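By convention here, the first residue in the shown sequence is residue 1. Bear in mind that the values here come from a model prediction, so they are computed numbers and not experimental data.
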Amino acid sequence: MDTINIIYMLIALVLGTQICRFIPLVLPKAMVSHTILQKLNRILPLIIMILLVLTSLALPKEGTGYTLFIAQILALVTVILSYHWFKNILISVSLGVLNVNLLLWLLG
């Protein structure tokens with residue numbers, strides 16, 4: 001990937017993030033407090049975690065890679081249980097990363 005493409009990608013990411021942060025400031029209060037947006041606000045962390053899970057799994061191919069797959073599945077169970085217990089995404093993701101690395105070290 002060329003340097004200019006990386007710069008364009010970073011600019012697009014920054015603009016997208018800032019637009020999402022500033023939209024609630026310019027929208028009318030009635031629109032922001034709509035029930036659909038409130039429900040979306042409650043389930044958005046779960047949706048983001050599901051997308052991260054689906055894109056991060058490394059499926060085994062032809063008899064190899066089962067150690068990594070087992071470590072990832074056990075780390076995901078840790079993330080789910082810790083999120084259910086602590087209700088904190090930062091702690092849950094940190095424990096998941098720690099768990100997958102420890103399992104790979106122990107199983108490898």
[X] side chain near [Y] side chain, heavy-atom distance below 4.5 Å:
{"X": "N99", "Y": "V79", "result": "no"}
{"X": "N41", "Y": "L37", "result": "no"}
{"X": "H84", "Y": "I80", "result": "no"}
{"X": "K39", "Y": "R42", "result": "yes"}
{"X": "L104", "Y": "L68", "result": "yes"}

When rounded to the nearest 0.5 angstrom, what is the spacing between [atom1] in [X] and [atom2] in [Y]?
{"X": "C20", "Y": "L15", "atom1": "SG", "atom2": "CG", "answer": "11.0 Å"}
{"X": "L59", "Y": "Q72", "atom1": "CG", "atom2": "CD", "answer": "8.5 Å"}
{"X": "L74", "Y": "F69", "atom1": "CG", "atom2": "CZ", "answer": "10.5 Å"}
{"X": "L76", "Y": "L57", "atom1": "CG", "atom2": "CG", "answer": "5.5 Å"}

Going through the distances and angles, do R21 and Q18 end up as a side chain to side chain contact (heavy atoms under 4.5 Å, CB included)?
CA-CA 5 Å; R21 289 178 184 236; Q18 294 307 317; 4.3 Å; yes
In this structure, would [X] and [Y] fall into the same cluster of hydrophobic residues linked by side-chain contacts under 4.5 Å?
{"X": "W85", "Y": "I91", "answer": "yes"}
{"X": "V100", "Y": "L102", "answer": "no"}
{"X": "Y83", "Y": "V93", "answer": "yes"}
{"X": "I47", "Y": "I89", "answer": "no"}
{"X": "I7", "Y": "V14", "answer": "no"}

Please indicate whether [X] has more than 12 foreign heavy atoms, meaning atoms of other residues, nucleotides or ligands, lying under 6.0 Å from its [atom1].
{"X": "K29", "atom1": "NZ", "result": "no"}
{"X": "I36", "atom1": "CD1", "result": "no"}
{"X": "Y8", "atom1": "OH", "result": "no"}

Checking side chain to side chain contact (heavy atoms under 4.5 Å, CB included) against M9, which of I11, L13, N5 comes through?
L13
Does L90 offer a backbone N or O that forms a donor-acceptor pair with the side chain of N88 under 3.5 Å?
yes
